[in-house]
Asks: 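Dumping the structure here so I can ask a few things about it.
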Amino acid sequence: MTHHYWGDQGANHRPDPEWELDPQTLSVRGGLTRTGFGETSEALFLNSGFTYATAEQAESSFAEEIDHFLYSRFHNPTVSMFENRLATLEGAQRCLGTSSGMSAMFMSIACLVSAGDRVVASAAMFSSCHVVLTEILPKWGVIVELVKSDDLEGWKKALSQPTKAVFIETPSNPMLEITDIKFVSDLAHKVGATVVVDNVMASVVLQKPLELGADVVMYSTTKHIDGQGRVLGGAILGSDDYFNNHLLPFNRHTGPTMSAFNAWVLVKSLETIQMRVHAMADGAQAVAEFLEAHSKIDVVRHPGLKSHPHHALAMSQMSGKGGSMIGFEVKGGKEAAFAIMNKLRVIDISNNLGDSKSLITHPASSTHRRLSPEVQAEMGIHAGTLRLSVGLEAASDLIKDLQQALA
Ligand SMILES: *Cc1c(COP(=O)(O)O)cnc(C)c1O
C-alpha cells in the first residue's frame, strides 16, 4: 500500500513537498486521507473486508499491482491514517499499528531472529519486555544478554560478536536510566545488529531515536499517544527494508493488528500530543524538584534533575526535557510508600503511565512483581520505590497533594 504522507486532499490542497512543516502541523494534518464526502475529521472505517469491482481488480490487488485495501488484518484506511501521521512525526519511512505495546515489542524483535541468534538488551526495562527477552525468546533458542544502561565497557564487550538485534529502553521504566542511543547503535551496526528502541517513556515529542542512529522505534500507544487512558495500542516504525523483509511477512500471518476504532481514537490524540507531552514534562520537572528538596525522600530520579547521573546525556537525547515520569524512594520502605499512596487525594493509584491524570504505582508489588528481588534491585527497584507519572493537572496542586501525603 502506498504511503500518503500528506493524504489525498487534492493537489491544490497540499503543501509543497519542500515545505519543512512544524511537528505541530504534522500532528494535526499528517496522513489525513479524505473520502469523496470531504469530511473534516478523520473517518472511522469499521469494516473488516473490502470489495472489488471485478475479479480482475481482485487479482491485481492481491498481486500488489494496484493500491487497494484487502483485509483489515493487513491494513485499514483509519489505521493507515494513524500510521502515516506517526511516521511523519517520527521521520520514519514506514509505521505499523499493532494491538498493544507488547505485541509491538514482541514482533519488532521476533521478526528478526531464529534459533541460535543473539540479542543484546539494556537491563532495566518494562517487566513484560523483560519476560519476552529472558523467558519466551530463550525457549525458542534465542540467546539474550542484558547490559546495564550506563556500562559502556559492557556494551563494547557484548557487541564484539555477531548479534542480530539490540533492544534499548531509554529512559527506562521505572528508574529512568539512560542508554546512549548513538554509542550503542554505532557498536551494534559494526556487528550487523538491528537496533530497536522502546521510546515509550520519552515519546515521539522528546526523543527521535532514528536521528541518533537506531533502526527501529516501538511504542505502546496506550501511553502518551492516547494519553487519556482509553485504548490499548502499539506501533513499530522503521525502514522499507525492515518492513518488507522482516516485519510485514511476520505480522500479516500472525495477526496482532490495531483495531480501526483504536486507530481512530489515536489519530485524534496525535493532534494534541505535542502540547500534552510538553505540559506533562514541565509539570514533572516542578514536582521532581519539590520531591528532591523533601526530607522524607531518599532518592529522586528524573532525567531533568541535575542530580541524575546521566543528566547531560538525557538532555541532549531528549530535546532538553526530562519527560513525564519520576522514580523516587521514600524513607521507611514498603510501609511508608503504601502510607503515602493511601493519603493522596488528587493523584490516583494506577499502574498505567503517560495519562492526563497523574498516577502513582509501587513497582515492587505491582508492575515489576514478576521479577525476582535481585533483578528488581539491579533495576534500582526497592521496597520504598514509587513511580509517579505526572499528568496534566496544575503542578501546584500535585505538589500540594504530595506535601499533605508526606506530612
Ligand atoms: C506500557 C509499556 C509497554 C507495553 O505496552 P502495552 O500497551 O501495555 O502492551 C512497553 N514498554 C514500555 C516502556 C511501557 O511503558
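Start at 1 and go down the list; that is how both ligands and their atoms are numbered.
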Asks: Check whether the side chains of Thr35 and Glu39 place a donor and an acceptor atom closer than 3.5 Å, and report yes or no.
Replies: yes

Asks: Does Arg85 use its side chain to pair, donor to acceptor, with the backbone of Gly31 at less than 3.5 Å?
Replies: no

Asks: When you look at Ser149 and Thr179, which way does the side-chain hydrogen bond (donor to acceptor under 3.5 Å, both in side chains) test go after all the steps?
Replies: CA-CA 5 Å; Ser149 297; Thr179 305; 3.3 Å; yes

Asks: In chain order, what residues pass the side-chain hydrogen bond (donor to acceptor under 3.5 Å, both in side chains) check against Ser356, with sequence neighbours excluded?
Replies: none

Asks: Looking only at side chains, do His362 and Ser365 share a donor and an acceptor under 3.5 Å apart?
Replies: yes

Asks: Which pairs of nitrogen or oxygen atoms, taken one from ligand 1 and one from the protein, are under 3.5 angstrom apart?
Replies:
{"unit_1": "ligand 1", "atom_1": "5 (O)", "unit_2": "Ser220", "atom_2": "OG", "d": "3.1"}
{"unit_1": "ligand 1", "atom_1": "7 (O)", "unit_2": "Gly101", "atom_2": "N", "d": "2.9"}
{"unit_1": "ligand 1", "atom_1": "7 (O)", "unit_2": "Ser220", "atom_2": "OG", "d": "2.8"}
{"unit_1": "ligand 1", "atom_1": "7 (O)", "unit_2": "Thr222", "atom_2": "OG1", "d": "2.7"}
{"unit_1": "ligand 1", "atom_1": "9 (O)", "unit_2": "Gly101", "atom_2": "N", "d": "3.0"}
{"unit_1": "ligand 1", "atom_1": "9 (O)", "unit_2": "Met102", "atom_2": "N", "d": "2.8"}
{"unit_1": "ligand 1", "atom_1": "11 (N)", "unit_2": "Asp198", "atom_2": "OD2", "d": "2.7"}
{"unit_1": "ligand 1", "atom_1": "15 (O)", "unit_2": "Lys223", "atom_2": "NZ", "d": "2.8"}

Asks: State which residue, out of Thr385, Ile381, Asn351, fulfils the side-chain contact (heavy atoms from CB on, under 4.5 Å) condition with His368.
Replies: Ile381

